[in-house]
Student: 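Supplied in C-alpha cells, the structure appears directly below.
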Amino acid sequence: MLKYKPEPRKPMPRITYIENDGTAHRLEIRNGLSLMEGAVRNGIAGIDAECGGVCACGTCRVMIAPEWAAAVGTAKAMEAAMLELDDEARSTSRLACQIEVTALLDGLIVYVPDSQYRP
Ligand code: FES
C-alpha cells in the first residue's frame, strides 16, 4: 500500500486586475505564474502579451497600486528599457510578464492603463 501523502495545496494568491473603465477582476492566480499569464488565462482585456512573455512587446503593461510597489520590486534593465518607450509610463508601471506571482503578492492590485486599449 502506498504511503504517499500529498502536501496540502498552498492557497493561491488573490490578485485584483482593474480595467481602465474601473471593472475589477479579483482572481486567484497560481504561484509561479506571471501576472501576465494570470491575466491572459482569465481573459483580462488590455493584456495582449503579443510576445508571450519575453519582455519584447510591451503589451502587458500594468500599473502597480502604489501601496504594493515595494513588495513587487523594481524592473530589471531589459524591462526598464521597454518601459522607457512608453510615453505614459509612471513610476509604478511594470510589465506583467516580468512579475512572478508568489504568496507575498496575495492581495496585489494592478491597473491596466488606458494605453493598453488603443489599437
Ligand atoms: Fe510582451 Fe510582456 S508579454 S513584454
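Note that the structure is predicted; figures quoted are calculated from it, not measured. Atoms within a ligand are numbered from 1 in the order they appear, just like the ligands themselves.
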Student: Without swapping roles, check the side chain of Gln98 against the backbone of Ala75 for a donor-acceptor pair under 3.5 Å.
Tutor: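 Flag not set: sc Gln98 to bb Ala75 has no pair under 3.5 Å.
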
Student: Answer yes or no: is there a donor N or O on one side and an acceptor on the other, between the side chain of Arg41 and the main chain of Gly38, under 3.5 Å?
Tutor: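 Side chain of Arg41 to backbone of Gly38, a donor-acceptor pair under 3.5 Å: no, none is there.
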
Student: Which of the atoms in ligand 1, numbered in the order shown and given with their element, are less than 4.0 Å from a heavy-atom of Ala56?
Tutor: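 In order of number, 4 (S).
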
Student: At a non-hydrogen distance cut-off of under 4.0 Å, which region of Ala96 contacts ligand 1 (side chain, backbone, both, or neither)?
Tutor: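 The answer is neither.
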
Student: For Gly53, take its heavy atoms, then give the atoms of ligand 1 lying under 4.0 Å from any of them.
Tutor: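 Listed by number with element, the hits are 3 (S).
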
Student: Write down the atom of Leu105, the atom of Ile15, and the distance for their closest heavy-atom approach.
Tutor: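 In this case the closest contact between Leu105 and Ile15 is O-CD1, 3.5 Å.
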
Student: Check whether any side-chain N or O of Asn31 sits under 3.5 Å from a backbone N or O of Ala103 as a donor-acceptor pair, and report yes or no.
Tutor: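 Yes; at least one donor-acceptor contact below 3.5 Å.
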
Student: Only heavy atoms of Cys55, strictly under 4.0 Å: list the atoms of ligand 1 that pass.
Tutor: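 Close to Cys55: 4 (S).
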
Student: Go through the steps to decide whether Val110 and Thr16 satisfy the test side-chain contact (heavy atoms from CB on, under 4.5 Å), and finish with yes or no.
Tutor: CA-CA 6 Å; Val110 299; Thr16 301; over 6 Å; no

Student: Answer yes or no as to whether an N/O/S atom of Cys60 is found below 2.8 Å from atom 2 (Fe) of ligand 1.
Tutor: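 Cys60 does place an N, O or S atom closer than 2.8 Å to atom 2 (Fe) of ligand 1.
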
Student: Taking only heavy atoms of Cys51 into account, list the atoms of ligand 1 that are under 4.0 Å away from them.
Tutor: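 In order of numbering, the contacting atoms are 1 (Fe), 3 (S), 4 (S).
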
Student: Please work out, at 4.0 Å between heavy atoms, whether the side chain, the backbone, both, or neither of Cys57 comes within that distance of ligand 1.
Tutor: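 It is both parts that get close, each with some atom under 4.0 Å.
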
Student: Report yes or no: does Asn20 contribute a side-chain atom to a donor-acceptor pair with the main-chain N or O of Pro113 at less than 3.5 Å?
Tutor: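 Checking the backbone N and O of Pro113 against the side chain of Asn20, no donor-acceptor pair under 3.5 Å is found.
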
Student: Please report which non-hydrogen protein atom sits nearest to atom 4 (S) of ligand 1, along with the residue it belongs to and the distance in Å to one decimal place.
Tutor: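 Here the nearest protein heavy atom works out to Gly58 N, 3.3 Å.
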
Student: Please identify which atoms of ligand 1 are closer than 4.0 Å to at least one heavy atom of Cys97.
Tutor: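 Ligand 1 atoms under the 4.0 Å threshold to Cys97: 2 (Fe), 3 (S), 4 (S).
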
Student: Between Thr59 and Ala49, is there a donor-acceptor pair closer than 3.5 Å when you use the side chain of the first and the backbone of the second?
Tutor: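 Side chain of Thr59 to backbone of Ala49, a donor-acceptor pair under 3.5 Å: yes, one is there.
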
